[in-house]
Engineer: 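A single structure is presented below for examination.
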Amino acid sequence: MNHSLVNQQFLSFIVCLFLIFVSTAARAEDSYAAQRTAMITAIEADVRAGYGNLESDDLNEKVIKALAKVPRHEFVPENLQYAAYENRPLPIGHGQTISQPYIVAIMTNLLQVGKNDRVLEIGTGSGYQIAVLAELVDKAYSIEIIEPLGKQAKNLLHRLGYNNIALKVGDGYYGWEEHAPFDAIMVTAAASHIPPPLIKQLKPGGRMVVPVGSRFMVQELLLVQKSEKGEVSTRQLLPVAFVPLTGEH
Ligand code: SAM
């Protein structure tokens, strides 16, 4: 057999392997896209069922688009990827969880963010919620208290190309003074009270969603609004179950 025939056969083999790899990856992506669509259908059914005292029976179209885009399977441990699009929270290590998709959807919807808004999340966890918010605004900020989770989320969000997210490791109870004020703040861990530094860092006209209540019991999701004059009002939305907001405060 001459050399050029061997080279040609080898080249064909490599091309075949490459095509098999590309088509397998494309099939997996299609399957995840279908699962994301099913997840959104389940969320919309929950929203229409009207649990709690939410402001609307519909999710904003932009929120739905963001949920349809963010690859939730990338944010869960590999052995749980099969369940990434089920409408339930999942463990992410260090005793923490990635929130239920329905909760992510309604909390995002309640903030009513616009493209130019500056948004702060407390409790980065896996990074999924801040990725959803980053689809909606130009600049998003998030704070995580557990260092390995913060580092892991940073690497993942960088790999996925989210370059409009700033992350830091620290106690989110105190907010992020140097980037304040924020148009919207979301707290994704349960506090015993609304953290005063976060109220201070909310812009007039701004909104905050925060679960408040005792540790390891059912808490109440609150919507906090600051009027243009700086008056603060709160409204109870629905019972929720979040891991506690930890830290020295
Ligand atoms: N938003 C996350 C996601 O999309 O995966 C899920 C958040 S998980 C329910 C709550 C997170 O808040 C945990 O990662 C926890 O370590 C973090 N946390 C708890 N207390 C905190 C604090 N004082 N400051 C910042 N993060 C805190």
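Remember, it's 1-based here, ligands and their atoms both numbered in the order they're listed.
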Engineer: Does Gln129, backbone or side chain, put an N or O under 3.5 Å from an N or O of ligand 1?
Structural biologist: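 Such a contact does occur with ligand 1.
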Engineer: Just which atoms of ligand 1 are under 4.0 Å from any heavy atom in Ile98?
Structural biologist: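 With Ile98 as reference, the close atoms of ligand 1 come out as 5 (O).
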Engineer: Checking a contact table here: which protein heavy atom is nearest atom 10 (C) of ligand 1, and how many Å away?
Structural biologist: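 The answer is Thr188 O, 3.3 Å.
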Engineer: Can you sort out which atoms of ligand 1 are near Thr97, meaning under 4.0 Å from one of its heavy atoms?
Structural biologist: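 Ligand 1 atoms under the 4.0 Å threshold to Thr97: 6 (C), 7 (C), 8 (S), 9 (C).
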Engineer: Please list the nearest protein heavy atom to atom 27 (C) of ligand 1 with its residue and the distance rounded to 0.1 Å.
Structural biologist: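 Of the protein heavy atoms, Ile145 CG2, 3.6 Å lies nearest.
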Engineer: Start with the C-alpha distance between Gln129 and Leu133, add both sets of side-chain angles, then the distance that settles side chain to side chain contact (heavy atoms under 4.5 Å, CB included), and finish with yes or no.
Structural biologist: CA-CA 6 Å; Gln129 172 70 78; Leu133 286 166; 3.7 Å; yes
Engineer: Between Glu86 and Arg88, is there a salt bridge with N-O shorter than 4.0 Å?
Structural biologist: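 Looking at Glu86 together with Arg88, the answer is yes, because their closest N to O distance falls below 4.0 Å.
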Engineer: Could you identify the single nearest non-hydrogen protein atom to atom 1 (N) of ligand 1 and state the distance to 0.1 Å?
Structural biologist: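 Ranked first by proximity to atom 1 (N) of ligand 1 is Glu121 OE2, 2.8 Å.
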Engineer: Evaluating non-hydrogen atoms only, which member of Val104, Ile92, Thr124, Val70 is closest to atom 2 (C) of ligand 1?
Structural biologist: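 The option holding the nearest heavy atom is Thr124.
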Engineer: Which ligand 1 atoms does Tyr128 reach within 4.0 Å, using its non-hydrogen atoms?
Structural biologist: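 So the atoms of ligand 1 that pass are 4 (O).
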Engineer: At a 4.0 Å threshold, what atoms of ligand 1 neighbour a non-hydrogen atom of Ser126?
Structural biologist: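 Contacts of ligand 1 toward Ser126, numbered from 1: 3 (C), 4 (O), 5 (O).
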Engineer: Give a yes or no on whether the backbone of Val63 and the side-chain of Asn109 come within a donor-acceptor separation of less than 3.5 Å.
Structural biologist: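 No; judged by distance alone, with no hydrogens or angles, the pair does not exist.
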Engineer: As an exercise, identify every atom of ligand 1 less than 4.0 angstrom from a heavy atom of Asp171.
Structural biologist: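 By the 4.0 Å cutoff, the relevant atoms are 22 (C), 23 (N), 24 (N).
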Engineer: Compute the shortest N/O to N/O distance between Gly123 and ligand 1 and return yes if it is under 3.5 Å, no if not.
Structural biologist: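 It does: an N or O of Gly123 is found under 3.5 Å from an N or O of ligand 1.
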Engineer: Will you find, in the side chains of Tyr85 and Arg36, an N or O donor that is under 3.5 Å from an N or O acceptor?
Structural biologist: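 Side chains of Tyr85 and Arg36: pair found under 3.5 Å.
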Engineer: For Leu245 and ligand 1, does the shortest N/O to N/O distance drop below 3.5 Å?
Structural biologist: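 In fact, backbone or side chain, Leu245 has no N or O that close.
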Engineer: Using modelled atom types only, decide if a donor and an acceptor are shared between the side chain of Thr124 and the backbone of Gly150 within a distance under 3.5 Å.
Structural biologist: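 Judged by distance alone, no pair lies under 3.5 Å.
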Engineer: Just distances here: any N/O of Thr246 and N/O of ligand 1 closer than 3.5 Å?
Structural biologist: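 Yes; at least one N/O pair falls below 3.5 Å.
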Engineer: Taking only heavy atoms of Leu149, which atoms of ligand 1 are found under 4.0 Å from at least one of them?
Structural biologist: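 Heavy-atom distances to Leu149 below 4.0 Å select 14 (O).
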Engineer: Does Glu144, backbone or side chain, put an N or O under 3.5 Å from an N or O of ligand 1?
Structural biologist: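 By distance alone, the answer is yes.
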Engineer: Quick one: does Asp117's side chain have a donor or acceptor within less than 3.5 Å of a partner on Gly114's backbone?
Structural biologist: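 Yes.
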Engineer: Nearest protein heavy-atom contact for atom 13 (C) of ligand 1: which residue, which atom, what distance?
Structural biologist: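 Looking at atom 13 (C) of ligand 1, the protein heavy atom closest to it is Gln96 OE1, 3.2 Å.
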Engineer: For ligand 1, which atoms have a heavy atom of Pro244 less than 4.0 angstrom away?
Structural biologist: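 Reading through ligand 1 atom by atom, the close ones are 19 (C), 20 (N).
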Engineer: For Val119 and Asp183, run side chain to side chain contact (heavy atoms under 4.5 Å, CB included): C-alpha distance rounded to whole Å, both residues' side-chain angles, the deciding distance at 0.1 Å, then the answer.
Structural biologist: CA-CA 6 Å; Val119 59; Asp183 300 276; over 6 Å; no
Engineer: Are Glu135 and Tyr162 close enough, and set up right, to give a side chain to side chain donor-acceptor pair (under 3.5 Å), and what steps lead you there?
Structural biologist: CA-CA 9 Å; Glu135 293 289 343; Tyr162 285 98; 2.6 Å; yes
Engineer: Using 30° and 60° as the class boundaries, would you call the ring planes of Tyr173 and His249 parallel, tilted or perpendicular?
Structural biologist: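 The rings of Tyr173 and His249 lie parallel, inter-plane angle below 30°.
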Engineer: I'd like to check which ligand 1 atoms, numbered from 1 as shown, lie under 4.0 Å from a non-hydrogen atom of Gly172.
Structural biologist: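 Heavy-atom distances to Gly172 below 4.0 Å select 22 (C), 23 (N), 24 (N), 25 (C).
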Engineer: Do Ser126 and Gln96 pair up side chain to side chain, a donor and an acceptor below 3.5 Å, judged on atom types alone?
Structural biologist: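 No, no side-chain donor-acceptor pair sits under 3.5 Å.
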Engineer: Output yes when a side-chain donor or acceptor of Thr234 lies under 3.5 Å from a complementary backbone atom of Leu223, and no otherwise.
Structural biologist: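 Checked: no pair found.
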Engineer: Check whether any side-chain heavy atom of Asn87 sits under 4.5 Å from a side-chain heavy atom of Gln100, and report yes or no.
Structural biologist: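 A side-chain contact exists here, since the closest heavy-atom pair is under 4.5 Å.
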Engineer: Just to check, does Ala131 reach to within less than 4.0 Å of ligand 1 when the distance is taken from its heavy atoms?
Structural biologist: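 Ala131 does not count as a contact of ligand 1 under the 4.0 Å cut-off.
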Engineer: Are any of the heavy atoms in Gly247 under 4.0 Å away from ligand 1?
Structural biologist: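 No.
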